[in-house]
Colleague: 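One structure, pasted below without further comment.
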Amino acid sequence: MTSAADLRRRSRPAWAGRNYSLLTAAAFVTNLGSHGALIAAAFAVLEEGGDGGDVGLVAASRTLPLVLFLLIGGALADRLPRHRVMVAANALNCLSQAAFAVLVLAGEAQLWQMMLLTALGGTGQAFFSPAAEGMLLSSVQGEQASRAFAVFRMAMQGAAVGGAALGGALVAAIGPGWVLAADAAAFAVAGAMRAFLDVRHVPQRTPGGGMLADLRDGWREFAGRPWLWGIVVQFSIANAVVGAADAVYGPLVARDHLGGAGPWGLALGFFGAGTVAGALLMTRWKPRRLLLAGTLCVFPLALPSAALAVPVPVSVLCVVMFLTGVTVEVFGVSWMTALHQEIPEDKLSRVAAYDWFGSVALVPLATALAGPAETAFGRTSALWGCATLVVVVTAAVLCVPDVRNLRRRTKQVTAGSRADSADAESPVGGLG
């Protein structure tokens, strides 16, 4: 007699085991809700009488705790079972978004309340992100890991595109409060799914020397790998200038030269579609030199800033954004595969925390300086400066030998080759 569980296992690829499938489905649900909620939060502020500056304050309220607590979140996720950290973070996000929704629906939301609740959401994200990345990286083994990561990222990017489009439509149709409530429900559903992650066969991790000792240990792991910290420094700068171009200069160029918010939203949609296409490409393509291929694909990240500096017609901008999305996703999958291959399992979340910290730390500063830079140098020069910085830091990181030479391992990893941790998993779906 074939059980329902056996039928489910046979209906999915060998590398898509139970934990991986739960993580992917939960990430799809939360991404779908969160990208709609970003739009809803902005319009909630505006409907309560706020202006663009107030929208910026609410957005900054999420970023600040994310930067402050990321490293602590990474250390905690390597000390405790990661799925418990993820569920607790989802619960905090659910409650903060539900409270936000109630205030907006009641018509009584004040700016300080929205900032506080958004900050709680950012705090939850700071603890969730390192745990989630460590959990995902430890959920697959063997030569099909890169395909698993590509499918995961395809689900994430598809949810982001769909969530933004659906969220914008729902905000217009039923108002931002209900979209925020839907996001709270999405966190509740995803948290429930993550609570069913299977870690029963894993021994408890031996307690370490404390939180500071764990952070130092993670720093040694991070700083001792030139390819790792080199690329994180590269993206600290690249993400900052691209974030400033997208958040500040892009809307201004669209207003003055492209016809307004509609064409700019269309261009961003093409970028999202490109990321989905790039993830689909990476389900088939396995570059031998992981980081060399990935880093070469970062150079096109300079193209949108250059296109805005010209500025090019909307049709050309959409093509540029699509191609950029494809190439950025090639890097993303290659990067996850390199981390999975090279970092010990029991240090994955701490390394992920340093990665996240480096990736977001300079974004608020760059966004804040975008206006003064435009005043000092002009918008066109500022955009060319953004494009040039992306090219320079990407070329610089190619000078690191390990970035050029790190190769994909073709020999399968056995189940016992990784250090045991509080949530390390057996090979998923027979993989490895």
Side-chain angles (χ1 to χ4, degrees), residues 27 129 133 136-137 140 145-158 160-161 222 225-243 245-246 268 270-306 320-343 351-352 354-360 362-363 386-387 389-409:
S129 296
E133 188 163 334
L136 176 67
L137 292 174
V140 295
S146 63
R147 175 172 292 183
F149 298 144
V151 172
F152 177 84
R153 291 179 66 91
M154 185 164 56
M156 290 272 288
Q157 303 295 1
V161 174
F222 175 82
R225 301 174 185 270
W227 63 268
L228 179 57
W229 60 259
I231 289 179
V232 170
V233 170
Q234 171 203 8
F235 270 86
S236 293
I237 298 171
N239 281 343
V241 297
V242 170
D246 286 351
L268 293 177
F270 268 83
F271 176 81
T275 61
V276 176
L280 182 61
L281 169 66
M282 293 304 287
T283 64
R284 298 292 183 183
W285 184 37
K286 296 181 179 180
R288 178 73 172 144
R289 296 190 181 186
L290 281 169
L291 295 181
L292 178 61
T295 303
L296 289 174
C297 286
V298 178
F299 281 109
L301 196 59
L303 293 178
S305 295
V320 166
M321 296 290 273
F322 181 85
L323 293 175
T324 302
V326 172
T327 57
V328 165
E329 203 60 22
V330 171
F331 169 82
V333 175
S334 299
W335 179 246
M336 291 187 72
T337 306
L339 292 176
H340 171 266
Q341 174 178 294
E342 300 295 325
I343 305 301
V351 169
Y354 283 108
D355 178 15
W356 272 84
F357 181 83
S359 297
V360 303
L362 294 181
V363 172
C386 292
L389 278 172
V390 171
V391 172
V392 169
V393 298
T394 303
V397 84
L398 285 174
C399 296
V400 179
D402 287 347
V403 172
R404 300 193 306 271
N405 299 325
L406 183 67
R407 296 175 182 270
R408 180 189 302 271
R409 294 178 189 165

Colleague: Does L323 reach the side chain of L303, with side-chain heavy atoms less than 4.5 Å apart?
Modeller: no
Colleague: For W227, does the CH2 atom have more than 12 heavy-atom neighbours from other residues, nucleotides or ligands under 6.0 Å away?
Modeller: yes
Colleague: Looking only at heavy atoms, which two atoms of A293 and W285 are closest? And how far apart?
Modeller: CB-CH2, 4.2 Å
Colleague: I need the L339 CG to L228 CG distance, nearest 0.5 Å.
Modeller: 6.5 Å
Colleague: Starting at CD1 of I231, measure out to CZ of R225 and round the result to the nearest 0.5 Å.
Modeller: 13.0 Å
Colleague: Among all residues two or more places apart in sequence or in another chain, which pass the salt bridge (Lys or Arg N to Asp or Glu O under 4.0 Å) test with E133?
Modeller: none
Colleague: Donor-acceptor pair, R404 side chain versus L398 backbone, under 3.5 Å?
Modeller: yes
Colleague: Yes or no on side chain to side chain contact (heavy atoms under 4.5 Å, CB included) for F270 and V320, after CA distance, side-chain angles and deciding distance?
Modeller: CA-CA 9 Å; F270 268 83; V320 166; over 6 Å; no
Colleague: What heavy-atom pair brings P226 and V400 nearest, and what distance separates the two atoms?
Modeller: CB-CG1, 3.9 Å
Colleague: Over 60° means perpendicular and under 30° means parallel, so tell me whether F331 and F235 are parallel, tilted or perpendicular.
Modeller: parallel
Colleague: Do the side chains of Q234 and T394 get nearer than 4.5 Å, heavy atoms only?
Modeller: yes
Colleague: What are the two closest heavy atoms between V390 and A302, and how far apart are they?
Modeller: CG1-N, 3.8 Å
Colleague: Could you measure the distance from the CG atom of D246 to the SG atom of C386? Nearest 0.5 Å is fine.
Modeller: 9.5 Å
Colleague: Return the minimal non-hydrogen interatomic distance between M282 and P287, and the atom names on each side.
Modeller: CE-CD, 3.9 Å
Colleague: Is the side chain of R147 donor-acceptor paired with the backbone N or O of R284 at a distance under 3.5 Å, no angle test?
Modeller: no
Colleague: Could you tell me whether the side chain of V326 reaches within less than 4.5 Å of the side chain of T275, counting heavy atoms only?
Modeller: no
Colleague: Does any part of the side chain of S146, heavy atoms only, come nearer than 4.5 Å to the side chain of H340, both counted from C-beta?
Modeller: no
Colleague: Return the minimal non-hydrogen interatomic distance between L280 and T283, and the atom names on each side.
Modeller: O-OG1, 2.5 Å
Colleague: What closest approach, in Å, do Q341 and R407 show between heavy atoms, and which atom pair accounts for it?
Modeller: NE2-O, 2.9 Å
Colleague: How many angstroms lie between CG in L296 and OG in S334, if you round to the nearest 0.5 Å?
Modeller: 10.5 Å
Colleague: Answer whether the closest heavy-atom distance between the side chains of L362 and N239 falls below 4.5 Å.
Modeller: no
Colleague: What is the distance from atom CE of M336 to atom CZ of F152, rounded to the nearest 0.5 Å?
Modeller: 6.0 Å
Colleague: Would you call T337 and V333 a side-chain contact if the rule is heavy atoms closer than 4.5 Å?
Modeller: yes
Colleague: Mind jotting down which residue pairs meet the salt bridge (charged side-chain N to carboxylate O under 4.0 Å, His left out) criterion with at least one end in residues 324-335? Sequence neighbours excluded, please.
Modeller: R153-E329
Colleague: Side-chain contact test, heavy atoms from C-beta onward, threshold under 4.5 Å: evaluate it for T324 versus L301 and give yes or no.
Modeller: yes
Colleague: Who pairs with W335 by side chain to side chain donor-acceptor pair (under 3.5 Å), at least two apart in sequence or on another chain?
Modeller: D355
Colleague: Using 0.5 Å steps for rounding, measure from the OG1 atom of T295 to the CZ atom of R289.
Modeller: 12.5 Å
Colleague: Before giving the answer on side chain to side chain contact (heavy atoms under 4.5 Å, CB included), spell out for L136 and F149 the whole-Å C-alpha distance, their side-chain angles and the decisive distance to 0.1 Å.
Modeller: CA-CA 8 Å; L136 176 67; F149 298 144; 4.3 Å; yes
